[in-house]
Amino acid sequence: MLVQTFDTQPPEAFIHELAVNLHGPYYLMRLLLPHFKSQRSGCVLNIASRAGTVAIPYSTGYCASKAALINLTACVQKEIDVEGLDDVHLYSLHPGGIKSAMTLSNPTRPGQAEYSPSSISTLPAAATRSAFTSAFDTLYNDSPYLNGMACVALASGIAKHVLRGKYVDVGQDLEDILAQAEAIKQDENLYSLHTRFL
């Protein structure tokens, strides 16, 4: 993913982001779910992003595909729940902001990292470029171990009666979330995508 204006991003790049971030998990779930249903247990952890819950300029394909993945996960969980399969649970997960080859300049693929100088230099104004650079330094400081620990905990089933089908941000303390189980069960909009109207 490169940060680009919507009207300059080649359609093939947008379609590629959908293929990677939505179609890939879709096909994997299609392969796994029949087995999970027959054994009446299993866990899917779809790697979403906080970007799927907000509108970020110059990241349209990424935001749209991650939002779709969050909703896909929730919809499939609803179907599983109708079938009464309590031990099949799915989550969409924000893995935290991790500096990686995707986000950092990559010497083997110059200009191909999301926040590489050449990618950011294509944005319209100097102020915008500066904002992206400072946001990168602020938002991408999480440890990859945080995501690993959250994945193990969710896969163990510890949160399946509270967060099944929900969007989970690993930056939040899972114990604190589970302590609020009753509030989460009473408000279906918590930990999910939703629209509010006046």
Write down the atom of Leu190, the atom of Ile184, and the distance for their closest heavy-atom approach.
-> CD1-CA, 3.8 Å

Quick one: list whatever passes side chain to side chain donor-acceptor pair (under 3.5 Å) with Glu188, sequence neighbours left out.
-> Lys78

Within residues 156-173 or reaching into it, pairs that qualify as salt bridge (charged side-chain N to carboxylate O under 4.0 Å, His left out) - sequence neighbours excluded = Arg50-Asp169, Asp81-Arg164, Asp87-Lys160

Under the side-chain contact (heavy atoms from CB on, under 4.5 Å) rule, collect the residues that match up with His194, sequence neighbours excluded.
-> Asn189, Ser192, Arg196

Can you sort out the partners of Asp7 under side chain to side chain donor-acceptor pair (under 3.5 Å), two or more places apart, ordered by chain and number?
-> Thr5

Answer yes or no: is there a side-chain heavy-atom contact under 4.5 Å between Ile80 and Leu85?
-> yes

Residues clustered with Tyr167, ILVMFWY side-chain links under 4.5 angstrom = Ile70, Leu193

By side-chain contact (heavy atoms from CB on, under 4.5 Å), Leu178 pairs with (sequence neighbours left out) Ile158, Ala159, Val162, Leu174

By side-chain contact (heavy atoms from CB on, under 4.5 Å), Ala51 pairs with (sequence neighbours left out) Ser49, Ile56, Tyr62, Cys63

Side chain to side chain donor-acceptor pair (under 3.5 Å) with Asn46: which residues, sequence neighbours excluded?
-> Thr73

Do the non-hydrogen side-chain atoms of Ser92 and Lys66 ever get within less than 4.5 Å of each other?
-> no

Start with the C-alpha distance between Phe14 and Gln9, add both sets of side-chain angles, then the distance that settles side-chain contact (heavy atoms from CB on, under 4.5 Å), and finish with yes or no.
-> CA-CA 7 Å; Phe14 184 86; Gln9 181 186 36; 3.7 Å; yes

Any side-chain heavy atom of Leu93 sitting closer than 4.5 Å to one from Val170?
-> yes

Applying side chain to side chain donor-acceptor pair (under 3.5 Å) to Glu83 and not counting sequence neighbours gives Lys37

Can you give the donor-acceptor pairs under 3.5 Å from side chains of residues 23-32 to other protein atoms, not counting sequence neighbours?
none

Residues in side-chain contact (heavy atoms from CB on, under 4.5 Å) contact with Ser38, at least two apart in sequence or another chain = none

Expected output: side-chain Asp142 to main-chain Gly97 donor-acceptor under 3.5 Å | yes

For residues 66-96, which residue pairs qualify under ring pair (Phe, Tyr, Trp, His ring centres under 6.0 Å), counting only residues two or more places apart or in two chains?
-> His89-Tyr91

